[in-house]
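Have a look at the structure below, then the notes.
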Amino acid sequence: MLKVTLKDEKEIELKKGIKIEEVVNSMGHKLKKEALAAKVDGKVIDLNGGLDKDCKLEILTFEDEGGKLALRHTTSHILAQAVKRLFPEVKLAIGPAIENGFYYDFDSGRPFTDADLELIEKEMNNIIKEDLILKRFELPRDEAINLMKEHGEDYKVELIEDLPEGEIISFYEQGEFIDLCAGPHVISTGKVKAFKLTSVAGAYWRGNEKNKMLQRIYGTSFIKRSQLDEYLKMLEEAKKRDHRKLGKELDLYSIQEEGPGFPFFHPNGMIIRNILESFWREEHKKAGYQEINTPIILGAELWKKSGHWDHYKENMYFTEIDGEPYAVKPMNCPGGLLMYKRNLHSYRELPIRMAELGLVHRHELSGALHGLMRVRCFTQDDAHLYMMPSQIKEEVIGVIELADRFYKIFGFEYYVELSTKPENSMGSDEDWEVATNALRETLETKKINYRVNEGDGAFYGPKIDFHLKDCIGRTWQCGTIQLDFQMPELFELTYIGADGEKHRPVMVHRTIFGSMERFIAILTEQCAGAFPTWLAPIQAIIIPVSEKHYDYAESLTQKIDSLNIRVEKDIRSEKVGFKIREAQLKKIPYMIIIGDKEVENSNISVRDRKEGDLGSMSLDDFIVKISKEINDKLNK
RNA sequence: GCUACUGUGGCUCAGCCGGUAGAGCAAUUGAUUCGUAAUCAAUAGGUCAGGGGUUCAAGUCCCCUCAGUAGCUCCA
């Protein structure tokens with residue numbers, strides 16, 4: 001007999017070799033119906049699996065990540081099976097479950113059309129109705145390869161050949177369909193109650209642009225129809241928060257055909273941007289930063305020295321001045337380095353923190369451009385910190401805390417990545433090792449959860465990245481902290497130590513917003529265009545009921561305006577309802593409605609864009625209220 | 001850059017199997033002076049992204065270019 005500990009710490013005795021499915025069947029009706037997979041000693045496996053030793057057992061449903069992934073992974077197999085039934089000549093690549101759904105990559109002679117998708121969905125429904133049982137089996141390497149060769153699945157053969165020695169090679173079979181797969185899966189195709197194929201896109205085999213481009217079909221699935229509908233509705237709603245849509249509606253910015261990837265900031269966008277920048281300046285002054293500004297165009301020699309010429313050339317724009325080659329800066333560091341080199345530095349000055357709101361230009365592939373999120377010129381809220389090696393940890397912590405403070409103010413949740421040495425990099429492995437470990441240790445000291453992103457560092461050093469989410473959950477890198485031993489070496493930076501000798505400082509490159517453009521985009525999506533009052537282009541609008549109240553409106557406007565609150569008045573001959581509707585669409589935080597009553601009582605009637613009518617109050621009370629909201633940078 | 005899709009007045013969109021552009025909003029003008037999400041009327045505005053081709057005839061079919069969207073690659 002086996003001792004099995006359940007999720008609620010209850011221990012039960014089961015006979016050895018029992019199938020988890022049987023265990024589930026002996027449980028409550030609800031769990032029996034909802035079970036999708038199981039977690040045995042922390043490892044997610046099929047319900048088909050058996051128990052052969054004492055263990056902890058947890059039954060997973062759609063509410064559990066493991067259950068959800070199993071269901072969606074099975075849906076991707078159903079998709080592949082349907083495709084094979086309809087188009088036998090298509091070859092299979094990979095088909096994992098991903099966040100919010102799944103995909104499957106196919107090598108088909110021609111691209112899938114919308115009509116194909118409909119056919120495929122129909123066939124998938126058939127497979128679900130057939131309620132095929134998923135059977136797992138393992139094969140030794142040679143047999144596995146032979147099996148896949150028999151099926152003409154070249155990509156699968158390649159995958160198996162690349163599996164490390166000793167790796168278990170498993171397959172899943174459902175009806176006539178067999179796929180190489182590690183699992184886990186749900187017990188039968190009938191478990192998928194609601195699914196939808198959402199889009200088709202090209203995707204390179206193994207994510208390498210030198211490889212063949214395959215057809216990727218994306219989809220999602222649920223255990224209830226209502227969940228699918230809800231998800232699709234949620235996506236629709238999320239699209240209304242898209243900063244490209246809101247940017248147009250709120251007249252924040254635009255991108256013209258004459259300059260793809262080069263944004264134009266409109267007056268409303270500039271108000272937000274300028275406030276963000278002055279906030280940034282205040283905070284950086286407090287945090288001990290100096291501010292500098294360096295040129296946008298600098299000589300080619302500088303870029304050769306910094307390594308950009310060799311490691312970053314595809315992303316750079318070039319020009320010529322008086323016959324000499326120059327480059328438009330893609331990064332601010334080389335200019336900043338020249339600034340450091342202007343004079344001698346004592347160890348007593350260190351760390352030196354030089355910040356720069358620097359406009360950089362980078363050539364991004366046309367297909368990568370995306371509103372303000374991904375552009376070809378942007379202003380980084382950059383800073384370069386020069387320090388003694390002994391100061392690294394403290395400085396990196398300082399930046400992490402600064403970033404955290406910024407994101408908290410905007411109410412952003414973020415997640416952190418540690419990116420390591422990329423292929424096209426400079427410097428010795430030892431340097432990279434030391435730098436990467438320094439960052440890792442700092443993250444661990446601060447007890448920050450992070451994911452390692454292998455090979456994604458800058459060419460001169462490893463980095464800690466802060467990622468923020470957009471309206472539909474895509475993540476974008478904003479803040480970054482990059483530890484660099486290379487530039488100080490290349491530019492022969494020095495400081496005079498206590499011993500009177502010259503020493504090499506270490507350098508940290510960092511941003512908090514990331515770029516003004518991307519940050520404004522994220523912010524726009526986060527607040528759905530209803531910017532917190534301290535950032536709103538118009539903070540209050542005065543709406544007189546009729547012409548009789550214009551004088552009072554004018555005097556209120558002047559009073560509020562004199563307090564540096566961004567106020568406007570709407571004296572068009574329109575009805576109140578119409579003016580309110582417009583103000584509401586512009587997402588103006590406060591509407592001040594004044595009619596006979598207000599003029600008579602010398603007060604105002606306030607409407608909040610979210611709460612609606614707040615009733616009447618005195619102008620002074622309103623000013624106290626809105627000023628507090630602005631000064632405290634409240635997110636409401 | 002790659003794969004697929006899209007591109008009609010400032011904005012959102014209609015235009016069936018090719019017959020030679022239409023609505024709403026916005027704008028302008030006039031009327032209306034009104035109490036918490038749309039007052040009424042009139043006027044003006046487009047060589048249908050650009051270029052080439054097929055055709056008696058192209059917004060509608062074909063090709064090229066440009067731009068956008070989704071994804072891949074890449075990245076703040």
Side-chain angles (χ1 to χ4, degrees), chain A residues 103 105 110-114 198-218 242 244-245 248-249 251 254-261 314-315 330-332 358 360 362-382 419 422 456 458 463 465-468 472 474 476-480 482 509-519 521-522 543-550 571-585 591-598 605-609 612-615:
Chain A
Y103 67 79
D105 285 349
R110 59 181 188 89
F112 294 113
T113 62
D114 286 350
T198 47
S199 62
V200 197
Y204 301 108
W205 166 236
R206 301 200 139 176
N208 186 331
E209 63 181 324
K210 294 194 180 76
N211 290 342
K212 184 165 183 181
M213 183 161 268
L214 309 172
Q215 296 290 314
R216 174 173 297 178
I217 299 181
Y218 281 92
D242 191 311
R244 292 166 300 183
K245 188 173 156 62
K248 204 182 275 179
E249 286 170 4
D251 202 13
S254 63
I255 294 175
Q256 317 280 338
E257 277 209 14
E258 289 79 355
E314 327 75 79
N315 287 296
M331 294 189 197
N332 301 302
V360 298
R362 297 184 185 174
H363 179 72
E364 298 291 344
L365 294 179
S366 59
L369 301 177
H370 184 93
L372 285 182
M373 296 277 193
R374 193 74 180 278
V375 287
R376 285 181 172 151
C377 76
F378 54 99
T379 300
Q380 289 184 301
D381 66 316
D382 216 342
S419 296
D456 209 35
K463 54 182 189 162
D465 293 328
F466 296 83
H467 292 250
L468 301 178
I472 60 170
R474 290 175 292 210
W476 298 86
Q477 184 193 314
C478 289
T480 182
Q482 311 176 343
H509 310 235
R510 50 109 281 179
T511 65
I512 305 287
F513 287 144
S515 77
M516 299 312 296
E517 289 75 5
R518 181 174 287 182
F519 195 81
I522 295 270
I543 300 178
V545 172
S546 80
E547 236 168 77
K548 287 183 286 183
H549 316 113
Y550 283 8
I571 50 167
R572 294 173 302 170
S573 64
E574 296 288 352
K575 288 189 166 178
V576 188
F578 179 84
K579 295 184 188 177
I580 287 174
R581 181 184 151 80
E582 289 220 326
Q584 197 75 47
L585 291 174
M591 285 156 252
I592 296 172
I593 291 104
I594 51 168
D596 289 342
K597 260 191 301 179
E598 286 73 23
S605 168
V606 180
R607 185 188 164 92
D608 181 297
R609 68 182 161 192
D613 193 354
L614 299 183

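Below, read A as the first sequence line, B as the second, and so on, with proteins coming before strands; counting in each chain starts at 1.
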Report yes or no: is there a donor-acceptor pair, N or O only, under 3.5 Å between the side chain of A/Glu209 and the base of B/U73? no
Reckon A/Lys579 has a side-chain N or O less than 4.0 Å from the OP1 or OP2 of B/C34? no
So, OP1 or OP2 of B/G71: does either fall under 4.0 Å of a side-chain N or O from A/Ser199? no
Does A/Arg474 place a side-chain N or O at less than 4.0 Å from the phosphate oxygens OP1/OP2 of B/G71? yes
N/O-N/O pairs, protein side and nucleotides 10-14 of chain B side, under 3.5 Å:
unit_1, atom_1, unit_2, atom_2, d
B/U12, OP1, A/Lys248, NZ, 3.2

Donor-acceptor pair, side chain of A/Arg510 and main chain of A/Asp381, under 3.5 angstrom: yes
Taking OP1 and OP2 of B/G68, is either one under 4.0 Å from a side-chain nitrogen or oxygen of A/Arg244? no
For A/Asp596, answer base if it contacts any base atom (sugar-phosphate contacts may also be present), sugar-phosphate if it contacts only those atoms, and nothing otherwise; contact means non-hydrogen atoms under 4.0 Å. base
Out of B/G71, B/G1, B/A76, which has the shortest distance to the side chain of A/Glu364? B/A76
So does A/Arg607 get a side-chain nitrogen or oxygen closer than 4.0 Å to the phosphate oxygens (OP1/OP2) of B/G35? no
Using a heavy-atom cut-off of under 4.0 Å over every strand shown, decide if A/Phe378 touches base, sugar-phosphate, or nothing. base
What's A/Glu249 touching, base or sugar-phosphate or nothing? Going by heavy atoms closer than 4.0 Å. nothing
For A/Pro111 and for A/Lys597, locate the closest nucleotide of RNA chain B by heavy-atom distance; then report the residue assigned to the nucleotide nearer the 5' terminus. A/Pro111
Under 3.5 Å, which protein N or O atoms sit close to an N or O of nucleotides 42-52 of chain B? Give each pair with its distance.
none

Base, sugar-phosphate, or nothing for A/Tyr103, non-hydrogen atoms under 4.0 angstrom? nothing
Contacts of A/Ile472 and A/Trp476 projected onto RNA chain B by closest heavy atom; the upstream (5') one is A/Ile472
Looking for any heavy atom pair under 4.0 Å, which part of the strands does A/Gly577 touch: base, sugar-phosphate only, or nothing? sugar-phosphate
OP1 or OP2 of B/C40 sitting under 4.0 Å from any side-chain N/O of A/Lys575? no
Tell me what A/Ser573 touches on the nucleic acid: a base, only sugar-phosphate, or nothing, going by heavy atoms under 4.0 Å. base
Would you please confirm or rule out a distance under 4.0 Å between OP1 or OP2 of B/A76 and any side-chain N or O of A/His467? no
Nearest to the side chain of A/Ile593, heavy atoms from C-beta on, is which of B/U3, B/U33, B/U36? B/U36
Distance-only donor-acceptor test, A/Tyr204 side-chain atoms vs B/G71 base atoms, 3.5 Å: no
What's the closest nucleotide to the A/Ile580 side chain, out of B/C2, B/C75, B/U36? B/U36
With a non-hydrogen cut-off below 4.0 angstrom, is A/Met373 in contact with a base, only sugar-phosphate, or nothing? base
Can you check whether A/Gln477 has a side-chain N or O nearer than 4.0 Å to OP1 or OP2 of B/A76? yes
